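Some notes on the structure that comes next.
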Amino acid sequence: MDAQIALLLAQDGIVNGAIYALLALSLVLVFSVTRVIFVPQGELVAFGALTLAALQLGKFPPTIWLALAMGVLAIGVDLRRALNGDQISWRNTLLWSTLLPISACAWATFARPTSLPAQVALTLLICTPLGPLLWRLAFRPIADASVLVLLIVSVALHGVLMGLGLWFFGAEGSRTPAFSDARFTFADLPFNGQSLVVVGVASVLMLLMFFFFGRTMLGKALRATAMNRTGARLMGIPTGLAGDLSFAMAALIGAVSGLLIAPLTTVYYDTGFLIGLKGFVAAILGALVSYPLAVAGALLVGLLEAYASFWASAFKEVIVFTLIIPVLWWRSVRTHHVEEDE
Amino acid sequence: MSARWAVRLFAVLLIAGYLALPDFHVSLASNIGLYALVALGLVMMTGVAGMTSFGQAAFVGLGAYATAWLGTAGAQALGLTALHPALPWLGLLLGCFITAAVAGVLGAVTLRLSGHFLPLGTIAWGLSLYFLFGNLEMLGGHTGMSGVPALRIGPWTIESPRAMGGLIWVLVMALIWALTNLLDSRPGRAIRALKSGRIMAESMGVDTTHARLKVFVLAALLAALSGWLYAHLQRFINPTPFSLTIGIEYLFMAVVGGAGHLWGAVLGAALITVMKQQLQDVLPQLLGVSGSFEGVVFGLLMLLVLQRYAEGVWPTIQRLTARARPAPQKRAPQSVQENTKEKMQATTPVNTSGNTSGNTSGNTSGNTSGNTSGNTSGNTPVNTPDHVSPVILKKFLIARTLAAPGTIVLEAQGITKRFGGLVANQDIHLAVRAGEIHALIGPNGAGKSTFFNLVSGVDEPSAGTVRLAAQAMHQQPARAFAALGLCRTFQHVRLLRERSVLENVALGAHLRGEAGWLRAMLRLDRNEEAAIMAEAQFQIHRCGLTAWTHTDAGALPLGAQRIVEIARALAAAPSVLLLDEPAAGLRHQEKRQLADLLKQLRAEGLAILVVEHDMEFVMNLADRVSVLDFGQMIAQGTPKEIQQHPAVLQAYLGGVA
């Protein structure tokens, strides 16, 4: 391997690493706010990519039906809670379960967007409400259960969404057009526009997240909930809102990641799962709570994957997923006393 | 119909079915048995020990590939073809060895971390092994390996699916028997204790990391056994049945069937297997697309079970059949709350007749037995098993010699604890002597509980030394403190809510027994077990809890639960007793009973450190009082001195008039 190949592989690794970093960040976000280890994040990546692909083919994306159906169920759940005397924030319920899915449906049916930016916007409009709806249907009823039970539910949900993905989009994979066809050479290294778009969008999203959590009231409320749920509730921050918001951000980030990766590799209904799990390996480096370590972990995973595919391409996945052993070992030696589970 | 008869009926049906049913059903039953083996391991992990794994299918794969490889290419490569009849057995050994090694490494790097890192690790590791099976040339890649030799036991070749089916179910039943025994034993109680949080289990002397590792390796070995049987049943293997998807299905079996019950594993395996078969026929037709959609149905089923029937199907069936038969004598009679006082009075703590010294909980050479039989004269007799003679009890429980009264047994030397910028304890000196009750008081947030955690090994001081029985306890876990005779209760009660008071108290005696897993599984631990139970019943009796012996601990009023914690601590035969707010939630009369008990323990030579807010209780009981305020020790002395100490009055009343 000469320097040129090494640099090319590094470029590859950074591009993939940027996407893993996005996913790792949203996993950390969801876990620290709701204690849910959001395994179905990967399915949302696939949903994002395949929804755009469907729109490109002029098809009505089946994910809209999913959003509508889940919306109806979510309203049913809240009606039942209301009958039991719970306080319901109907404004939020209607936003996630009715307004967004129906406007997406209307846009797809009547306007049939043809330009790429409009299709991207529609895809995000379809996919984002899926997050809060999943939270409301699957996790909120057992929000106080142990991390372990929430994880099992999460894995069950992964099975459901992957099966639905196969039903919606079939077993064939899709690619979507690149956001940029530019190609140029810099310092003897070929670059393509799409890679730069990936790294650019990922960086901007990350900066936005840091700004959101550091500067805005809503972001601070989420951070407060992450640190102490009960305390945050006592300060008047509704925990339901925190769940909606963190899952919406996770779904949005998942869909964006799908859109970013679909021009680079063919996306199948089950591709997202593996991509999401690589985000997990990265997030675990930061013990699922540290944002900077998660980003560092993501770059490490991306680079390792790129070099592994050069030296031992058949064992690429084996190597990447075995990385979790040293990562966990590293975490373990940094822990002195037994950790108490919640 | 008792549980035992239900098992016998099941066995009879199994044998009848085996003889009468056609091959198709026998092979279905074989598959269910293979899955049930894996699900059994997951029940032990998930429902009993509070851990979980999504990667069991990979361990099944290790078991299957090890024997398949050794039986074919491996035998040639290693020149072992001459050993042909023994190859499957060598394959079993190899599979178990590799599985234990892999599970051991994965366990070792995750088990000190919070509970969710192990399952996350198993997801990644499960994928990793699956890709490895599919990409290794020597394992046949994605096409797999054929020509796996048949299993031979002595002169018999077990070749037909029917013969294999018989072997599989004999193993399933034998393992259920062994695991049932294990759960009903000293190590079994330790495993159950893992679920309710590790701090309590460690404080009872359980090495939680080690216990969790053993449970995980056990589950992995059960999976490997299933894989070994699978390979010799099919005689051909490829990577498909060892994927992560199947690994997740195994967990579904355990959870749907009832993760807390061994028979739930069998039920879950049967349900999921039969459902999967039906769904694979129906769903693609229904949806008009080919593919495996059963994941959707299983996933939704899991959501339903976890949201509505968190315990799974098996306990639900148990409840339904329980209605049909007379209720077991498990719950306490009528309204528990109302009876608290009467119960405590009715069973006055024993040994008020003066023969206190040298009498309790294995103090000196363990004459507990004398107590148990001697104290049954009350109006609620202790049910000492009749066949256990006092001599046997003495022989089977480890005892402790107490230090002479007045000796310092627990000492804090200048300990400081910082949480970030907050100093919770600053340079605290405190000595607790044998035969003395030492009270630690202070306003809320003064750092009392932090101090308790530091001197019981739950947490580590930032500076300073804790000495227990003259040993400096640097970086020692809570179980090392327990081994040196320190036992404690918790401010927020930590009991196994769904287990009986008896089992909870018996857990306290963990370090006094030594029966291991194998002895428990084979039921060779019965003498020791009887001795532990007798000791637990004795402590329950002396704490006035006899009426609740067989009640679930979670059903008791909070005050009584605190007393259960004391009984549990006493079952450890401690030399130092740490009580965190023992009188909270007790009524006046109950407090007097508690005070009597503590005085009696003091007379026996125990060192007692107690945190308490009830000043009347403290001042009448304690020999010495220490006062904490904002993490500082502001006063130490006799109750009388403390009551007049200006700094104490300042802290409690905010200035002296």
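Since the model is a prediction, treat every value here as computed from it, not as a measurement. Naming convention: chains lettered A, B, ... in sequence-line order (proteins, then strands); numbering from 1 in each chain.
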What part of [X] gets within 4.5 angstrom of chain B, counting heavy atoms only: side chain, backbone, both, or neither?
| X | value |
| --- | --- |
| A:A314 | both |
| A:I37 | side chain |
| A:I142 | side chain |
| A:I325 | both |
| A:L328 | both |

**Asked** What class does the angle between the rings of B:H116 and A:F31 fall in, given that below 30° is parallel, 30 to 60° is tilted and above 60° is perpendicular?
**Response** tilted
Please determine, among [options], the option with the most heavy-atom pairs under 4.5 Å with chain B.
| options | answer |
| --- | --- |
| A:L150, A:L164, A:L277 | A:L277 |
| A:I319, A:I284, A:L157 | A:I284 |
| A:I324, A:V320, A:L288, A:V155 | A:V155 |
| A:A156, A:G163, A:P141 | A:A156 |

**Fill in**
side-chain contact (heavy atoms from CB on, under 4.5 Å) test vs A:I152 passes for just one of B:V305, B:L251, B:L303, namely B:L251
Highest number of heavy-atom pairs under 4.5 Å with chain A: which of [options]?
| options | answer |
| --- | --- |
| B:S128, B:G299, B:P284, B:G126 | B:S128 |
| B:F252, B:F293, B:F298 | B:F293 |
| B:R308, B:E294, B:E249 | B:R308 |

